[in-house]
Enquirer: 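Sharing a structure below in structure tokens format, with a few things to ask.
Residues: numbered from 1 along the sequence shown.
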Amino acid sequence: MNDIIEDYVEMVKYTVEHGGSLEELLNDFANEINMWTCKQVLIDQARQTLQELENLHDEEKEFYDLDE
């Protein structure tokens with residue numbers, strides 16, 4: 001994580017020194033953070049769904065095993 005922060009600090013310095021748009025750079029950074037956050041939410045939801053499916057499978061297996 002420190003590498004990412006250092007990279008963005010260097011990008012900010014470069015942008016300011018060369019007259020670039022700091023607002024645009026910060027907007028890009030915010031968009032990247034938002035994208036990372038959305039990806040993490042989707043990953044967490046997928047993990048939860050898989051866990052629920054595994055639990056359901058275990059319950060069904062127990063149910064059918066009791067019938068035999």
Enquirer: Taking salt bridge (charged side-chain N to carboxylate O under 4.0 Å, His left out) as the cut-off, I'd like each qualifying pair that reaches into residues 3-13, sequence neighbours left out, listed once.
Expert: Glu10-Lys13
Enquirer: Using the side-chain contact (heavy atoms from CB on, under 4.5 Å) criterion, which residues pair with Leu26? Sequence neighbours excluded.
Expert: Leu22
Enquirer: According to the ring pair (Phe, Tyr, Trp, His ring centres under 6.0 Å) rule, which pairs have a member within residues 38-60, sequence neighbours left out?
Expert: none
Enquirer: If we only count heavy atoms from C-beta on, is the Gln45 to Val41 side-chain gap below 4.5 Å?
Expert: yes
Enquirer: Is Ile5 linked to Met11 within one hydrophobic cluster, defined over Ile, Leu, Val, Met, Phe, Trp and Tyr using a side-chain heavy-atom separation of less than 4.5 Å?
Expert: yes
Enquirer: Restricting to side-chain contact (heavy atoms from CB on, under 4.5 Å), what partner residues turn up for Glu59, sequence neighbours left out?
Expert: none
Enquirer: So which pairs with a foot in residues 18-42 pass ring pair (Phe, Tyr, Trp, His ring centres under 6.0 Å), sequence neighbours left out?
Expert: Tyr8-Phe29, Tyr14-His18
Enquirer: Run the numbers on Leu56 and Glu52 for side chain to side chain contact (heavy atoms under 4.5 Å, CB included), then give the verdict.
Expert: CA-CA 6 Å; Leu56 180 60; Glu52 290 171 1; over 6 Å; no
Enquirer: Out of curiosity, Leu50 CG to Asn55 CG, how far, rounded to the nearest 0.5 Å?
Expert: 11.0 Å
Enquirer: Should Ile4 and Val9 be counted in the same cluster of Ile, Leu, Val, Met, Phe, Trp and Tyr side chains packed under 4.5 Å apart?
Expert: yes
Enquirer: Write out all pairs satisfying salt bridge (charged side-chain N to carboxylate O under 4.0 Å, His left out) with one or both partners inside residues 23-47, taking only residues at least two apart or from two chains.
Expert: Asp44-Arg47
Enquirer: Same cluster or not: Ile33 versus Val12, using hydrophobic residues (I, L, V, M, F, W, Y) connected whenever any side-chain heavy atoms lie under 4.5 Å apart?
Expert: yes
